[in-house]
Chemist: 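Attaching a single structure in structure tokens format; questions to follow.
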Amino acid sequence: MENKGIADIFTEIADILDIQGENPFRVRSYRNAARTIADMSQSVQALVKAGEKLEEVPGIGKSLQEKIEEIVSTGKCGFLEELRGKVPPGLTELLKLEGLGPKKVKLLYDELGVDSMDRLEKAAQAGRLRDLAGMGLKTEEKVLKSIEKYRAGMGRFKLSVGYTYSRALLEYLKDTPGVKRLDPAGSFRRQKETIGDLDILAICGKGCKVMDRFTKYGDVAEVISKGETKSSVRLKCGLQVDVRVLEEESYGAALHYFTGSKAHNIAIRDRAKDLGLKVSEYGVFRAKDEKRLSGANEEDVFKAVGLPFIPPELREDWGEIQAAEKGRLPKLIELADICGDLQMHTVATDGKNSIADMARKAKEMGYSYIAITDHSKAVRVARGLDEKGMVKQLKEIEKVNGQTPGVRILKGVEVDILADGSLDLKDDILKECDVVIASVHSRFNMEEEEMTRRIIQALKNPNVNILGHPTGRLILEREAYKVNLKEVFQAAIDQGVVLEINAYPDRLDLRDVDARMAKEMGAKLVISTDAHSTLQLELMKFGVFTARRGWVEAKNVINTLPLQGLLKVLR
DNA sequence: GCCGTTTTCGGCCCGACTGTTTTCAGTCG
């Protein structure tokens with residue numbers, strides 16, 4: 001079973017226990033474990049089968065370890081089966097509705113026999129919710145709205161989508177008289193690959209009408225709540241946006257708090273407690289007499305708990321607090337470290353611009369090199385190049401090279417890894433290239449072993465420099481193919497092949513956690529945009545964000561090297 | 001259910017908003 005499957009089992013257990021009114025901390029243990037497992041780069045199943053103890057993973061103790069072993073060996077969890085016998089199957093789904101939690105779901109079931117989304121809808125339409133204790137007309141309306149929204153399937157949004165909406169909204173809010181400062185927080189500030197909502201923090205002068213202006217924003221579909229310090233709206237695209245107004249003296253504490261992650265915050269507060277402090281979004285206080293110690297700056301919050309500043313991208317409780325404590329935080333890579341881009345496509349296949357256009361744009365961006373890497377023939381939809389087309393393409397690159405002084409255009413190709421692990425172009429043409437990226441674009445549904453063998457076979461070709469988008473996933477659209485990344489990474493290290501972090505916002509592949517594992521194993525990385533137009537060369541930042549979330553430093557990434565150093569690495 | 005260089009028991013982050021109440025429980029982040 002995949003990590004996701006194990007995580008889903010624990011989430012369902014948590015949901016049922018929650019509805020049953022179990023100890024909330026017990027419920028949280030299951031939820032924490034589900035999240036931890038879903039976020040892990042390595043396959044839990046493989047770890048267990050290799051006899052490794054998961055009890056060392058924070059949040060997984062004896063009981064959960066046993067359940068994981070049971071799930072891995074039998075594919076089932078006896079405890080969950082038992083719980084399912086006690087609660088109708090449709091109940092946990094109701095928890096997904098906005099505004100409905102375990103207490104209300106239980107009440108609805110006990111009093112009205114509501115055990116599914118459809119029955120809840122009928123009960124609400126029949127006006128039977130309003131007579132229940134603690135519910136009224138508004139609850140009824142809200143439930144109906146929530147069902148509608150749930151069915152419309154509004155979920156998470158790609159980070160790049162968040163960028164578009166946040167930029168426009170911040171521009172709009174900035175013009176409100178009295179607004180002194182605005183900052184996005186939340187998963188957006190942590191540069192997570194997807195965001196669930198957008199959090200914006202503000203400092204305002206007296207009488208500032210920022211909430212009025214916010215809730216009247218033209219793109220607002222619905223005002224969810226409106227208060228003096230907190231308001232929420234849903235935009236027409238479905239994205240929820242929260243604005244919070246804060247005092248200057250507590251702004252740093254709030255920025256820290258609302259940046260999260262939740263797990264990071266809990267760990268920080270826990271640490272504060274041990275030091276006799278209390279950390280809230282309003283500041284750092286001495287526990288015994290509530291005396292304010294700091295809060296205006298984020299740095300001071302960390303300082304108060306004895307830590308250096310931790311960059312937002314690292315705040316996931318993935319070991320950053322322990323690393324900070326020991327002074328071992330990584331010196332994260334920055335966009336300015338990038339010297340060139342090693343994957344892009346041109347009009348020769350499915351790109352929109354010419355080689356010369358790409359080179360000019362690269363110069364504008366301050367790069368000293370690019371690699372032109374059009375598709376090989378197996379990618380029919382892109383009109384991929386065969387050997388003959390490649391000869392022509394390489395000549396064209398040579399011709400254009402030198403026309404943009406300061407930017408060296410490297411000869412490259414993104415060659416397909418065929419089903420048997422062989423490459424889509426003959427070795428004598430690959431030999432002519434400076435950069436050969438090998439990628440999988442077909443037959444995604446292989447079994448893990450076969451896919452792992454296929455990719456490793458390709459890496460053994462001495463002409464291959466880079467493994468392109470190593471997992472093939474498309475965010476929110478297509479799962480990664482099944483592959484043992486640890487084995488692939490080791491093969492890449494052995495063969496001197498560089499692993500790509502594809503910066504294209506739909507891919508971000510390797511993922512953050514995978515990039516971290518690769519780095520820790522000692523692999524070399526490259527961050528490339530996979531641009532299909534000049535404009536898309538600017539997507540590099542999303543790859544850098546992903547690398548940062550994976551604890552990656554400039555020295556781990558080959559396209560931070562100047563041209564000569566890069567050529568040496570490429571051999 | 002997890003966790004521990006003050007603890008193997010007794011803790012476990014904390015505050016805003018809503019809707020229903022008339023002081024608060026539930027939900028959310």
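It should be emphasised that the depicted structure is a prediction, and the values quoted were computed from it without experimental measurement. Order of the sequence lines fixes the chain letters, A, B, ..., with proteins taken first and strands second; residue numbering starts at 1 for each chain.
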Chemist: Would you mind checking if A:Asp118 and A:Lys122 are paired as a salt bridge, meaning a charged N to carboxylate O distance below 4.0 Å?
Modeler: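 Looking at A:Lys122 and A:Asp118, the cut-off is not met.
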
Chemist: Is A:Lys103 touching bases, backbone alone, or none of the nucleic acid, heavy atoms closer than 4.0 Å?
Modeler: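 Since only primed, P, OP1 and OP2 atoms lie under 4.0 Å of A:Lys103, the category is sugar-phosphate.
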
Chemist: From the 5' end of DNA chain B to its 3' end, which nucleotides mark the outer limits of contact with chain A, defined by a 4.0 Å heavy-atom distance cut-off (strictly under)?
Modeler: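 Using the under 4.0 Å cut-off, the span is B:dG1 to B:dG29.
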
Chemist: Honestly, is A:Arg315 close enough over A:Phe309, meaning NZ or CZ under 6.0 Å from the six-membered ring centre and within 45° of the axis?
Modeler: yes

Chemist: Under 4.0 angstrom, heavy atoms only, what part of the nucleic acid is A:Leu97 near: base, sugar-phosphate, or nothing?
Modeler: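 Touches sugar-phosphate only.
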
Chemist: Between B:dC9 and B:dC14, how far apart are the P atoms? Round to whole Å, please.
Modeler: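 Their P atoms lie roughly 25 Å apart.
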
Chemist: With heavy atoms under 4.0 Å as the rule, sort A:Asn23 into base, sugar-phosphate or nothing.
Modeler: base

Chemist: With rounding to the closest Å, how many angstrom separate the C1' atoms on B:dC13 and B:dC2?
Modeler: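 Nearest-Å result for B:dC13 against B:dC2 at atom C1': 16 Å.
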
Chemist: Taking only the C1' atom of each, what is the distance from B:dG1 to B:dT8 in whole angstrom?
Modeler: 14 Å

Chemist: Base, sugar-phosphate, or nothing for A:Pro24, non-hydrogen atoms under 4.0 angstrom?
Modeler: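 Answer is nothing: A:Pro24 stays at 4.0 Å or more from every strand.
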
Chemist: What distance, rounded to whole Å, do you find between the two C1' atoms, one in B:dT23 and one in B:dC17?
Modeler: 16 Å

Chemist: Determine, for A:Phe542 and A:Lys158, whether the Lys NZ or Arg CZ falls below 6.0 Å from the six-membered ring centre while staying within 45 degrees of the axis.
Modeler: no

Chemist: Can A:Lys4 and A:Glu479 be counted as an ion pair, charged N to O under 4.0 angstrom?
Modeler: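 Salt bridge: no.
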
Chemist: On the 0 to 90° scale, with breaks at 30° and 60°, tag the A:Phe188-A:Tyr163 ring pair as parallel, tilted or perpendicular.
Modeler: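 Geometry flag for A:Tyr163 against A:Phe188: tilted rings.
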
Chemist: For A:Thr229, which contact category applies under a 4.0 Å heavy-atom criterion: base, sugar-phosphate, or nothing?
Modeler: sugar-phosphate

Chemist: Does the side chain to side chain donor-acceptor pair (under 3.5 Å) test come out yes or no for A:Tyr172 and A:Asp219, once each step is laid out?
Modeler: CA-CA 11 Å; A:Tyr172 169 84; A:Asp219 209 21; over 6 Å; no

Chemist: Within a radius of less than 6.0 Å around CZ of A:Arg269, do more than 12 heavy atoms belonging to other residues, nucleotides or ligands occur?
Modeler: yes

Chemist: Under the rule syn = chi within 90° of 0, otherwise anti, which is B:dT7?
Modeler: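 Syn, which is what one calls it when the glycosidic angle falls within 90° of 0.
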
Chemist: Quick check on contacts: within residues 57-79 of chain A, what sits under 4.0 Å from DNA chain B by heavy-atom distance?
Modeler: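 Only A:Pro58, A:Gly59, A:Ile60, A:Gly61, A:Lys62, A:Ser63, A:Leu64, A:Lys67 qualify.
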
Chemist: How far apart are the closest heavy atoms of A:Ala324 and A:Ile310, and which atoms are they?
Modeler: CB-CD1, 3.8 Å

Chemist: So A:Phe258, base contact, sugar-phosphate only, or nothing? Heavy-atom distance under 4.0 Å.
Modeler: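 A:Phe258: no heavy atom of the nucleic acid under 4.0 Å.
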
Chemist: Say you pick atom C1' in B:dT6 and the same atom in B:dG11; how far apart are they, in whole Å?
Modeler: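 Each nucleotide's C1' atom is 14 Å from the other's.
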
Chemist: Counting the atoms with a prime plus P, OP1 and OP2 as sugar-phosphate, which does A:Leu100 contact under 4.0 Å by heavy atoms, base, sugar-phosphate, or nothing?
Modeler: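 Sugar-phosphate, no base atom in range.
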
Chemist: Using atom P of each nucleotide, how far apart are B:dT20 and B:dG26 to the nearest Å?
Modeler: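 The answer is 14 Å between these two P atoms.
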
Chemist: If you measure from CG on A:Asp242 to CD1 on A:Ile224, what distance do you get to the nearest 0.5 Å?
Modeler: 7.5 Å

Chemist: So what's B:dT8 paired with, Watson-Crick or G-U wobble, going by both distances under 3.5 Å?
Modeler: none

